[in-house]
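Notes follow once the structure below has been shown.
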Amino acid sequence: MLELSTPVQYIKGVGPRIAEILATKGISTVDELLHYLPFRYEDRLNPRGIAELRAGEMATVIGEVRNSGLFRTRRMPIFQLTVGQGRARLRCLWFHGAYLQGKFTPGQMIALYGKVEQDRDGELQIVQPQFEILGHANDGANGAEKKASESLEIGRIVPIYESAGQGHLTSRWFRRIIRTALENLNPDLPEPIPAIVRSRLRLVSPREALWRVHWPEAGESFEDLQSSRTPAHIRLIFDELFFVELGLELKRRQQKAQTGIAFRLDGGVRAAIKKILPFHPTAAQKRVLQEIAADMEKPYPMRRLLQGDVGSGKTIVSFEAAIIAIENGYQVALMAPTEILAQQHYFSARRILENAGYKIVLLTGSLESDRKREIHRHIAQGNAQLVIGTHALLEEKVEFSKPGLVIVDEQHRFGVMQRLRLMKKSGDGQEGSRALLGTTGSHTPSQKGTRVHTAVAEPDVLVMTATPIPRTLALTLYGDLDLSVLDELPPGRTPIVTRRVADDRSPEVWEFVRKQVAAGHQVYVVYPVIEENEERELKAAIKMYRELSGHIFADFKVGLLHGRLDPDLKEQVMRMFQKGELHILVATTVIEVGVDVPNATVMVIEHAERFGLAQLHQLRGRIGRGAAKSYCVLMTGGKVSEEGERRLDAMVRTNDGFQIAELDLELRGPGEFFGTRQAGMPSFRVANLIRDRPLLEPARREAAAVVAGPNAEVSPEELRRALVHMRGRWQRTYGLVEVG
Ligand code: ADP
Ligand code: MG
């Protein structure tokens, strides 16, 4: 008898070699094999008659091989197969099909699946169909073995699996081995989901789910099967989401159980915040600040994600939070993903906060070491109240005397390691005394005099991002963070007008730029520089800069900004543009995030087709920041792919970051969109975060209810079972993340 945890080698028909192939698919136990779901199904219960086929439809046809052969055209060899049903015939073609020679013999029964097309003479045919040889029409009943196997292939809805081992393990093979596994599986499968949840969501049992997802019953809706919406699918998907959510819920609770800093928010602090505000906050900014402030007042560490589209005004909110911490006598660290952005934050912080007497320092990797040491000292001695920097803040030997709040801007731009590190440090507070998070221990030298041996208080963490992830997704992806959303732009913005222009019309574009500059505005001209072609593209950008500055706009001041420039020069160029001393800034994507120059009203993006959608939206977010009307010109050169067309269309059609994110998600799929591994996102076996989004919210809700147990709904035994199962699952499947 097989258990779910039994290694696949114990299934009859799986030897060491096959086990090795299966391992490459992530299958080493019976459980994993049974979660290897069909990617589609074929309706071989009601296969189509050849006579009733229509051009354009996808169809399953079962017929008898009549003849086959290879013929050579001038361009390529084509393999042709004719299949018959009585007098009706259907032709199938495979281009470059030499490999099929000798595969078919007349009289064989064969199942075909593909798109029906009409050839030039109006005859129907299927090109490159998927096929499966079912046996011989005259085989009759030669042995029980044959009969049983035939029943797996025809006269039912048949599961189709992705093959493995370069076709060594076919769909047909999987069908049999999974069937064998199911038949020998212990019928008493453990049920880790509490009864109340099962009944609220009308979940079928694990055993029924596994059987029916592989071997659908005759009455099953074919559409539901194809879209993974049968009760069997829903059970397996929910199962996976539920235990992820359970883990996240526990993490959230653990965080709340840690010792944090309970900041005071009295009249004095409120007045200090009011004093610095350069404008009336939007209603959204007020609401979000309240959410943050409420967290900061609580005695456990804040872990909050602030999500707001480009230009929604996140910076000022983070400054307000900073004041709460500083007024309480703590230090604040603000981390930005690029030096340019760190510098910009530094300048605006000084503009907005320095009058109020706050001490602000900038710490980036490119500082001279003497200067760095001096700043380190200021930080360690507690003179610096707001420390702004790049990830140098995490990586270097920076010791804070009294860290209270860590703000991470544009979190999505940080690399894998930083995020993991950040989360880890903020999670356990155990790891050494060097890093920013988890440093408040009594070991830091600066605290020797005033060593306090009470529990270590974790600083609060506020993470900001402009990636507008739909709420339910964000809650799973960043499930250990609470979420605030800035869903309103500051007043007085006119929507950005976006146009697409082929680059042979650049003279018109430059003419338009000229008019805008003459009207007192500033302009970005952006070039793609993608890492793999960096050298060449950088040259192109520099060449274009010469062309623009030397000829086309010889009478204007034009600057150049790219990643390879010396940091001092970068800073100088950026500052000149900010002050309006440059009319036009030719730049690579270094300006992608965060840069804020409200007087810049035009962005020309060259080779816009090469950029990703999210990136285009981020770039465009650099304009439309003031009251004057802004324009984004997407120039395209050469051929644009179909997907490229959809990206450009979306940009022209909408300014709404959420709509753009949805489309981006659709175009790239969740893995790429989130940079799956990078974000530490669990990789699911059956669930798909896009397709199964409607199940996320119930999974979250039920997980929260279960963690709140044991109670009248969830018995202690059920709770224990669920937690044990969840731990196993997280360890096995989601690797990195440990849960209590
Ligand atoms: P992001 O959310 O993209 O980081 P910023 O914080 O850079 O946005 O803000 C974008 C621009 O809007 C800045 O120039 C900022 O000064 C301005 N801004 C922010 N909030 C308001 C407000 N309530 N009223 C007017 N302007 C605002
Ligand atoms: Mg910003």
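For reference, positions follow the sequence shown, starting with 1. Numbering of ligands and ligand atoms starts at 1, following listing order.
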Heavy-atom closest contact (Lys314 atom, Leu306 atom, distance):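 Minimum heavy-atom contact is CD-O, 4.2 Å.
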For ligand 1, note which part of [X] has a heavy atom under 4.0 Å away: side chain, backbone, both or neither.
X	answer
Ser312	both
Thr315	both
Arg625	side chain

Hey, which atoms in ligand 1 end up nearer than 4.0 Å to a heavy atom of [X]?
X	answer
Thr282	23 (N)
Val310	3 (O)
His280	22 (C), 23 (N), 24 (N)
Pro281	23 (N)

Would you say the side chains of [X] and [Y] form a donor-acceptor pair under 3.5 Å?
X	Y	result
Gln343	Glu571	yes
Ser312	Glu488	no
Glu609	Ser641	no
His607	Asp503	no

Nitrogen or oxygen of Ile316 less than 3.5 angstrom from that of ligand 1: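 Min N/O separation from ligand 1 is not below 3.5 Å for Ile316.
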Heteroatom distance test (Pro490, ligand 1): nitrogen or oxygen, under 3.5 angstrom: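 For ligand 1, there is no N or O atom that lies under 3.5 Å from one belonging to Pro490.
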Basic-acidic side-chain contact under 4.0 Å: Glu374, Arg377: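 No.
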Check ion pair Arg303-Glu458 (N to O, under 4.0 angstrom):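 Yes.
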Aromatic plane relationship, Trp510 with Phe553 - under 30° parallel, 30 to 60° tilted, over 60° perpendicular: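 Ring orientation of Phe553 relative to Trp510: perpendicular.
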Residue-ligand contact Ala466/ligand 1, heavy atom below 4.0 Å: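 So Ala466 does not count as touching ligand 1.
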Selected option - heavy-atom contact closest to atom 20 (N) of ligand 1, from Arg493, Gln344, Arg622, Gln285: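 Answer by nearest heavy atom: Gln285.
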